[in-house]
Amino acid sequence: MPPSSTASAPDLLAGLNPAQRAAVTHHAGPLLVLAGAGSGKTRVVTHRIALRLREGLPGHHVLALTFTNKAAAEMRARVDALTGGASTSPNVGTFHATSARLLRQWAPRIGRGANFTIYDDDDQIAAIKRVLKAQGVGEKSVKPSEVREAFDRAKNEGRLPEAGDLPPTLLAAGGAGVADAYEAELLRSNALDFGDLILRVAQLLEREPELAAQLRRRWPVVLVDEFQDTNPAQMRWLRALSPPETCPDLTVVGDDDQAIYGWRGADVRNMLAFEQTWAGASVVRLEQNYRSTAHILAAANAVVAHNTERLGKTLFTDAGDGHRVEVEAFESPRDEARWVAGRVRTLCRDEALGPGDFAVLLRTASLSLDLEEAFRAAGVPAVQVRGRSFYDRAEVRDAVAWLRLAVNPHDDVAFQRAIGAPSRGVGETSLEALSKAAAEAQLSLYSRALMPPASIKAKARGALATFSSLLDEHRALAASQTPLSQVSQTVLAPLLEAMRAQALATRDRSEELAQRVENVERLVVAIREFSREQPDAPLDAWLERVKLVSDADAVPEGTAVSMLTVHAAKGLEFPVCFVIGFEEGTFPHARALRDGEVGLDEERRLAYVAMTRARQRLTLSWCRERRTFTETRHCTPSRFIGEVPTEHIEARVEPEPSRAVARPFGGLRGRSERSTRRSSDADLYADPVYEDDTGGDSPWRVGMWVWHGDLGRGRVVGVSRGVRTTLQVEFDGVGRRSVIASWVSPYDAP
DNA sequence: CACACCCTACTTTTT
DNA sequence: GTAGGGTGTG
């Protein structure tokens, strides 16, 4: 951009603090930005890119790697806004998406076609099951998911899996060949799994210096976001692209306290060792937090300070003290959920907040069950942030399998799925025979189906032939200039037709079947929308996007309370946050505690991430009892609650129309689990602070209006107190019903 | 070979 | 409480 235009462009350094300014203006050469939560990290990265572009660097020489597609889109938009679109756009994407793009160019070098399929976890498991069967290893001797994790681990560490990576039970069952067979299966299927995407790029760049040199010329400037979550394979990728000995223009940004993907192979030590690996690197610390008020920040800092092995960094804020952190205890998750919903209503009424200002953060996705119910009952709009779930439905996966085959007919996982949806006379027996013959000939199912073995019956052979020629038609269509929406409609027509016929033929369950048809129709609509956004994009591009979406990509902008896992919430902020399920065994999670200190430290960082999402208000809650599918567990509060100094905790909140128990928690600090349990047991019967339905303080009164999620509005005509309060309610248009009190919420009289 | 039904095992986080 | 596997029947 010519200097003359700089005058009208925004001043890229205005409003930055000294540390941010140092990071933005740092000259070429490796730079590590240690960016605490809410310290303006994205601002620094985008301004740094914008400054380089303004200095005349063409955008296409910049590569910025992010963790999620949403983060990539945001970064792209912000850079464009800063530069006014005057330069070419920088290349912004996730490691996986960027790798996939590179590999499509380089596909022949790894024995793939440019139209290779990306196998996600479920595809991997399907492939592993096929392999286990082909190798004659019963699925009983090993869980396919365990094998998948072993393969994943190896690839994240930077190598192809070998027999030594397999679970001992599998080796004992004679499954040593499974690793090689799995790789052969991927090769035949013209497929790569998630781990491959990163690993193959790393390997190619290391083995073919001219490729690496070419890439370095293309991307002399590299930035990496969320660096603390990179795994060893990604580090090799990065080292090849920005070799330490060349003193590359490499900027990595991250926060070791927010490293929460260790279970996926990420290694914080990459960050701790950055200064050694890229010798001579500069380090800038961003420690001023612009997000949270002081009590919230101090509470979060205090929790994470219990970890050792930190780069060390203490956040501060200029914002006022704000509200203290609320700690709430409940008898059951249902009470907890009802209280959260009620509190959202109260705050919306009293504090000029809308539902979109709230988030409920969950350690595990399943904790949302009671919440959904409670928000519905309270009439508060709330959505669970789940980007993938739609694509995980069986019928949607069936449809996607058909689309995949239109691009890559050798995709065995899709082949196996599509051939049974709708069923067409090729059952288990035939498929197994075909599988065996395919593996022997080193061919995909599709290729082998073109010359079916004699072991398959004539009827099934005919069905296979019909199926194959259908795939050929689809492939020709997808390769032609036909618009994407028409391609998808044609490809999915046989499936949709069969599903509609089935829905009509079935009397009961027709609702459910109709819903499935609708889901597939929605998929067609989604494809149409995609092709409107990107008119020239082929079906491959859509499939790739679908594969690489994550939960975090689907965070709604808006008008509803967000319920989301802490992992999905990383990088986001909300004025008001509730972290629920803060119990030993849930958060920290029991499975993580099994891994000892390492697991606990990561759980603590997760707690830190959760707490630092809040701008103004933060509530931590726990339940004395939590039921899993089989058992009811008596719970003690999370040790992380005890790690928050008392002075940052709100001892008690105003009474709410629920069975909430508000009480101070500072006293729990340092107590043994045993004494904690005793004190909560005692609370059940004696603690005067505790109020439940058996006490005289019930919020329910005859004559008051209530709202029920299913039955609508009604007026209380009777209250019976027992183990749980039951209300007799006269519902509008429904009549008199007896309902459990925790299912309804108070409702302002019309 | 396809479908209906019953049983069991399951919930950590996800590019 | 449900998804996916296993079993039995048409």
Side-chain angles (χ1 to χ4, degrees), chain A residues 65-72 93-100 118-122 124-126 129 138-140 143-145 148-149 152 155-156 193-198 226 229-231 233-234 259-266 361-369 385-389 392-394 419-432 456-457 459-460 463 502 505-506 508-509 544-545 547-554 564-570 581 585-595 599 602-603 605-607 609-610 626-631:
Chain A
L65 296 163
T66 61
F67 201 66
T68 64
N69 297 299
K70 188 184 156 84
T94 62
F95 262 104
H96 288 86
T98 306
S99 296
I118 299 171
Y119 274 8
D120 65 14
D121 295 11
D122 290 331
Q124 275 184 285
I125 292 203
K129 283 181 180 172
E139 272 183 38
K140 276 162 215 122
K143 278 198 271 184
S145 63
R148 193 204 72 80
E149 276 162 30
D152 230 32
K155 288 182 180 180
N156 288 336
D193 62 30
F194 277 139
D196 277 326
L197 293 179
I198 309 293
E226 308 283 11
D229 290 324
T230 50
N231 63 38
Q234 288 166 324
I260 55 174
Y261 284 94
W263 53 274
R264 214 173 68 190
L361 304 176
L362 319 162
R363 175 61 184 86
T364 65
S366 60
L367 289 174
S368 70
L369 290 176
V385 176
R386 278 177 306 201
R388 283 237 54 102
S389 62
D392 288 338
R393 292 165 192 272
I419 204 161
S423 21
R424 51 185 349 100
V426 181
E428 212 180 324
T429 320
S430 309
L431 202 60
E432 209 167 317
I456 297 178
K457 286 197 204 119
K459 197 176 144 211
Q502 195 196 0
T506 320
D508 51 336
R509 288 178 50 218
E544 182 164 311
R545 189 165 92 164
K547 276 295 163 185
L548 299 176
V549 293
S550 69
D551 279 357
D553 297 328
L564 68 180
T565 62
V566 182
H567 286 89
K570 193 166 77 152
T586 302
F587 200 170
H589 198 277
R591 293 273 297 256
L593 290 175
R594 269 193 342 196
D595 303 337
E602 182 150 316
E603 293 291 302
R605 291 191 292 267
L606 204 49
V609 169
R626 194 167 289 277
R627 289 180 52 196
T628 53
F629 42 93
T630 82
E631 52 163 8

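We name chains A, B, ... by the order of the sequence lines, and we start the count at 1 in each one. Side chains included, hydrogens not; waters and symmetry mates left out as well; all remaining heavy atoms used.
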* Identify whether a stacking contact exists between A/His589 and B/dT12, where the ring centres must be under 5.5 Å apart and the planes under 30° apart. =>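 Yes, A/His589 stacks on the base of B/dT12, since the ring centres sit under 5.5 Å apart and the planes are within 30°.
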Nucleotide [N], atom [atom2] - distance to [atom1] of [X] in whole Å:
X: A/Trp263; N: B/dT12; atom1: CH2; atom2: C1'; result: 8 Å
X: A/Arg591; N: B/dC10; atom1: CZ; atom2: P; result: 9 Å
X: A/Asp152; N: B/dT14; atom1: CG; atom2: P; result: 14 Å
X: A/Ile118; N: B/dT14; atom1: CD1; atom2: C1'; result: 15 Å
X: A/Ile419; N: B/dC1; atom1: CD1; atom2: C1'; result: 13 Å
X: A/Lys143; N: B/dT8; atom1: NZ; atom2: C1'; result: 13 Å
X: A/Arg626; N: B/dT12; atom1: CZ; atom2: P; result: 14 Å
X: A/Leu548; N: B/dT14; atom1: CG; atom2: C1'; result: 12 Å

* **side chain to side chain contact (heavy atoms under 4.5 Å, CB included) partners of A/Leu369, counting only residues at least two apart** =>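 With sequence neighbours excluded, A/Leu369 shows a side chain to side chain contact (heavy atoms under 4.5 Å, CB included) to no residue whatsoever.
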* To do: Could you list the residues that satisfy side chain to side chain contact (heavy atoms under 4.5 Å, CB included) with A/Asp152, not counting sequence neighbours?
  =>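 For A/Asp152, the residues satisfying side chain to side chain contact (heavy atoms under 4.5 Å, CB included) (neighbours in sequence not counted) are A/Gln124, A/Arg148, A/Asn156.
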* Asked: Can you tell if the side chain of A/Tyr119 reaches within under 4.5 Å of the side chain of A/Asp196, non-hydrogen atoms only?
  -> no
* Is the shortest heavy-atom distance from the side chain of A/Ile198 to the side chain of A/His96 under 4.5 Å? -> yes
* To do: Report the nucleotide, chosen from B/dT14, B/dT12, C/dG5, that has the shortest atom-to-atom distance to any side-chain atom of A/Arg264.
  => B/dT14
* Asked: Of all the choices, B/dT12, B/dT14, C/dG5, which nucleotide is nearest to the side chain of A/Lys129 once you look at every atom?
  ->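 Nearest nucleotide to the side chain: C/dG5.
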At under 4.0 Å between heavy atoms, what does [X] touch on the DNA or RNA strands: base, sugar-phosphate, or nothing?
X: A/Phe67; value: sugar-phosphate
X: A/Ala365; value: sugar-phosphate
X: A/Asp121; value: base

* In whole Å, what separates the P atom of C/dG4 from that of B/dT13? -> 16 Å
* **Option among A/Val609, A/Leu606, A/Leu564 that satisfies the side-chain contact (heavy atoms from CB on, under 4.5 Å) test with A/Leu361** =>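 For A/Leu361, the side-chain contact (heavy atoms from CB on, under 4.5 Å) test succeeds with only one of A/Val609, A/Leu606, A/Leu564, which is A/Leu564.
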* Asked: 5'-most contact on DNA chain B: A/Glu603 or A/Leu431, nearest heavy atom basis?
  -> A/Leu431
* Can you check whether any acceptor in the base of B/dT11 is under 3.5 Å from a donor in the side chain of A/Ser366, or vice versa? =>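 It does, because a donor-acceptor pair links the side chain of A/Ser366 to the base of B/dT11 below 3.5 Å.
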* Would you tell me if any nitrogen or oxygen in the side chain of A/Thr565 comes within less than 4.0 Å of OP1 or OP2 on B/dT14? =>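 Yes, A/Thr565 has a side-chain N/O under 4.0 Å of OP1/OP2 on B/dT14.
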